[in-house]
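Data block below; observations after.
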Amino acid sequence: MPDTRTIRNHLESLIEGAVRAAVEAGDLPDVAIPGAAIERPKDMANGDFASTLPLRLARAAMKPPIEIARSIAAHLPADATIDSPDVAPPGFINLRLSPAFLQQQVEHIIATGPGYADLAIGAGKKAQVEFVSANPTGPLHVGNGRGAAIGDALASALEAAGYEVEREYYVNDAGTQTSYFAETLYARYQQLFGRDVDIPKDGYPGDYMIDLARGVKDEAGDSFLRPEGDPMPAELGTLGIELMVRNIRATLERFGVRYDKWYSEKSLYDGEGAYDQAMAILREAGTLAEREGALWFTSSDLGEDKDNVVVRSDGRPTYYASDIAYHWDKFIRRGFNLVIDVWGADHHGHVSRLKTAAKAVGADPNALHVLLYQLVFLKRGGDAVKIAKRSGEFVTLDELMNDVGADAARFFFLLRSPGAQMDFDLDLAVTQSSENPVFYVQYAHARLCSILERAAEQGHTPDGGDVSLLTHPTELALIREMMRLADVIEVVATSLEPQQLPHYAMSLANAFHAFNDAFKQSNDPSLKVITDDAAMTKARLRLVLSARIALARVLTMMGMTAPERM
RNA sequence: GCCCCGGUAGCUCAACGGAUAGAGCAUCUGACUUCGGAUCAGAAGGUUGUGGGUUCGAGUCCUACCCGGGGUACCA
């Protein structure tokens, strides 16, 4: 018997078999079949699955789609997974899963447990999701939180889809911004000793730099102080970056994100590192040219709108050079089959040339996905405040978590498609926290746990329950909703649209609440889970148990907690 | 100028090229002396920015324009 993961394939083969049978019987002309075209109707009234094949065949077959649909439906064999099919205009074949098949899914879910809805589409493939990777020149802000929520959920969905996934943070500990950061830190540090120095023009004016300098002074006293006018000690910059990275890591852990690797940009330049090797490949391919004292990647020959500098005239490599080396390392040295970079939309101009460069160093550009998320606009007191780390005015991810909690923040970030700009009204987020849909979903999980606990107190267990007793519409609707999880995981993992997760979670929670409250609506206490009917109680406890598994799975995938009580 | 992303209900947003465009919030109306009401059932709310086009079928694809945002560095 097929399960939730394979039911679609099963139905496709049924339809395709019916088409062949119809052709053999002479009911249909012998035309090429463009797949069975099984989809899920938006409206459940149109069945659990539908085939639009007749609509697609109409032209080639020179017959009205409705007639084609009738012919195919007539040749569908009896099958335990479905009831008899419906044909609906203009030419849909609607399939409804049989109650017996639905009931069996409860057993399937309980048997598979926490791995319920795992897929095999990524089997044997290594995927990497690199996300946040904010410069360690300041604390994470709200926009970084969006990237964190998206990247982490995508990574989880890819794991569920069968990929071997690594989460990575690329630490920009080299480069120009790092120097500005170090100089700012030294200026603040000197100010603490009474020197009258200004922070650099391109530096970081935020107050957190004063705190950072104060921390250094508390730890190390004046040991980093040099005579006035002398260059700053390099070790201070290194220490500052280390402290900043430590803060960022703590913030992300609080947010529920754990990385497999923190990858240092600086390490690209160590010894015979990635940088040397990637540049050697480009040089050998004749795609480097010296001009105006700088070294250029001649990307315009490869379809880009212009060439780009990889080594400045002062000898320092650009960020672009680092990224080329870094992606050579991802694809060639570490052998990832799928690489996803989650970036803020302000980096979008970099996407095309990175793909071009990745191809030039031997990577498959189709295996590189850059997922851009649009910027987060903060509203506070009605005014829009743009986040900009260097203006020194921004709201940190920590502050956001203080206000609404990590779970709510993650849910809220995931709810929007990455490509849509989002307004984050901080005042509203606080005042509406009790109305936030995150509570709705988590509450459903807590209720599920509570029912199981209450039942156990009264001596009821799900063990040995007969799922064929689950025939009420709200029971079957709940099972249908649980079955969708595999579809959702597939869509999220293949189309990189994590917003499907929270929407699905709300829908699943709703199906449970509706089931759970059905007895109120009908004023029929026999619809409660725990009743005098011992057999019915056991059967419904199995449903509750399976629902808890499914809901916990999607909550976990979103990086949220699945609370047992609230 | 050129490139990218948006424009869908009062608000915030969904919608593998499919059927009557859906949720949450806000508004209105019902239900329960609750296996936890942070609940359920229902109502109302739409010219999917505009004009063309492709398709059996377009919010979705193509095209021209309008509006908002971002990018267009020897910053990252």
Side-chain angles (χ1 to χ4, degrees), chain A residues 37 39-43 45-46 50 52 54-56 58-59 64-65 88-92 94 133-135 137 172 175-178 180 202 265 292-296 305-306 308-314 316-320 322-323 344-352 372-375 377 386 390 412 415-425 428 432 434-437 439-440 442-444 446-447 450-455 457-458 460 487 490-491 494-495 497 499-500 502-503 506-507 510 513-523 525 528-531 537 540 544 565-566:
Chain A
E39 43 193 66
R40 278 191 179 272
K42 278 183 201 158
D43 188 347
N46 292 321
T52 54
L55 295 163
R56 294 162 206 264
R59 172 166 282 197
F92 294 99
N94 294 334
S133 300
N135 278 351
T137 53
N172 297 117
T176 315
Q177 295 305 326
T178 307
Y180 294 151
D202 293 313
E265 178 186 3
E292 301 155 31
L295 189 63
W296 298 70
D305 54 355
K306 58 187 171 67
N308 293 96
V309 172
V310 284
V311 181
R312 299 177 179 90
S313 45
D314 64 6
R316 290 152 51 230
T318 61
Y319 172 77
Y320 187 36
S322 290
D323 246 11
D346 53 339
H347 290 65
H348 95 261
H350 190 59
V351 175
S352 176
L372 296 173
Y373 59 92
Q374 293 294 318
L375 302 186
F377 293 92
K386 199 190 139 198
R390 279 192 262 163
F412 191 75
L415 204 49
R416 274 75 185 180
S417 81
Q421 294 168 10
M422 66 180 273
D423 287 336
F424 202 120
D425 190 322
L428 203 63
Q432 284 196 341
S434 66
E435 305 294 339
N436 195 308
F439 294 101
Y440 179 83
Q442 291 184 316
Y443 178 61
R447 278 180 100 175
S450 168
I451 290 170
L452 289 165
E453 196 176 317
R454 178 70 58 97
E457 283 167 11
Q458 298 179 21
H460 300 288
D487 278 6
E490 181 174 348
V491 169
T494 56
S495 63
E497 292 175 357
Q499 76 274 15
Q500 303 267 350
H503 284 278
M506 284 163 77
S507 181
N510 177 254
H513 285 307
F515 152 74
N516 197 47
D517 287 359
F519 75 93
K520 293 182 194 169
Q521 198 59 30
S522 56
N523 204 15
K528 289 186 174 188
V529 174
I530 303 170
T531 63
T537 299
R540 290 200 175 119
V544 167
R565 48 177 57 86
M566 296 172 71

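First the proteins, then the strands, lettered A, B, ... as listed; each starts at 1.
The residue A:H350 sits apart from the nucleic acid: no heavy atom pair falls under 4.0 Å. Among the atoms of the strands shown, base atoms are found under 4.0 Å from some heavy atom of A:A88. When heavy atoms are screened at a 4.0 angstrom cut-off, A:A45 is found touching no nucleic acid atom at all. Contact annotation for A:V529: base contact, defined as any heavy-atom pair under 4.0 Å involving a base atom. Looking at heavy-atom distances under 4.0 Å, A:N172 makes contact with sugar-phosphate atoms alone, never a base. Contact annotation for A:P64: no contact, since no heavy-atom pair falls under 4.0 Å across all strands. Residue contacts shown for A:S417 are limited to sugar-phosphate atoms, with no base heavy atom under 4.0 Å away. Base engagement by A:M566 is indicated by at least one non-hydrogen atom pair under 4.0 Å involving a base atom. Using a 4.0 Å heavy-atom criterion, one finds that A:Q499 contacts the sugar-phosphate atoms exclusively.
Distances shown here put every side-chain N or O of A:S450 at or beyond 4.0 Å from the OP1 or OP2 atom of B:C35. A sub-4.0 Å separation between OP1 or OP2 of B:C40 and a side-chain N or O of A:Y440 is present. For the pair A:K42 and B:G22, the criterion of a side-chain N or O lying under 4.0 Å from OP1 or OP2 is not met. Of the side-chain N and O atoms in A:R56, none sit less than 4.0 angstrom from OP1 or OP2 of B:G17. Contact annotation: A:T318 does not reach the phosphate of B:C74 (side-chain N/O to OP1 or OP2, under 4.0 Å). Phosphate proximity of B:A76 to A:R312: present, with a side-chain N or O under 4.0 Å from OP1 or OP2. For the OP1/OP2 pair of B:C35 and a distance below 4.0 Å, the side-chain nitrogens and oxygens of A:R447 include no atom meeting the criterion. Between A:Y443 and the phosphate of B:G37, there is a side-chain N or O to OP1/OP2 separation shorter than 4.0 Å. For A:K520, a side-chain nitrogen or oxygen approaches OP1 or OP2 of B:G37 to under 4.0 Å.
With hydrogens and angles ignored, a donor-acceptor pair closer than 3.5 Å exists between the side chain of A:N516 and the base of B:C35. Contact annotation: side chain of A:N94 to base of B:A19, donor-acceptor pair present below 3.5 Å. Side-chain N/O atoms of A:S495 and base N/O atoms of B:C16 include no donor-acceptor pair closer than 3.5 Å. Counting distance only, with no hydrogens placed and no angle test, the side-chain atoms of A:H503 and the base atoms of B:A15 include no donor-acceptor pair under 3.5 Å. Contact annotation: side chain of A:H348 to base of B:G71, donor-acceptor pair absent below 3.5 Å.
Distance, A:N523 CG to B:U34 P: 12 Å, rounded to whole Å. Regarding A:H347, its NE2 atom lies at a distance of 12 Å from the C1' atom of B:G70, rounded to whole Å. In this structure, CG of A:N436 is placed 14 Å from C1' of B:A23, rounded to the nearest angstrom. At whole-Å resolution of the value, CG in A:D517 and P in B:C40 are 7 Å apart.
B:C35 and B:A23 have their P atoms separated by 27 Å, with the value rounded to a whole Å.
Along RNA chain B, the nucleotide closest to A:A345 and the one closest to A:R565 are compared, and the more 5′ of them pairs with A:R565.
Counting heavy atoms from C-beta outward, A:Q521 and A:D517 have side chains that stay 4.5 Å or more apart.
Between A:Y319 and A:H350, the two ring planes are tilted [angle within 30° to 60°].
Applying the Watson-Crick and G-U wobble criteria (two distances, each under 3.5 Å), B:A23 pairs with B:U12.
Set against B:C16, B:A19, B:A73, the side chain of A:Q500 has B:C16 as its closest nucleotide.
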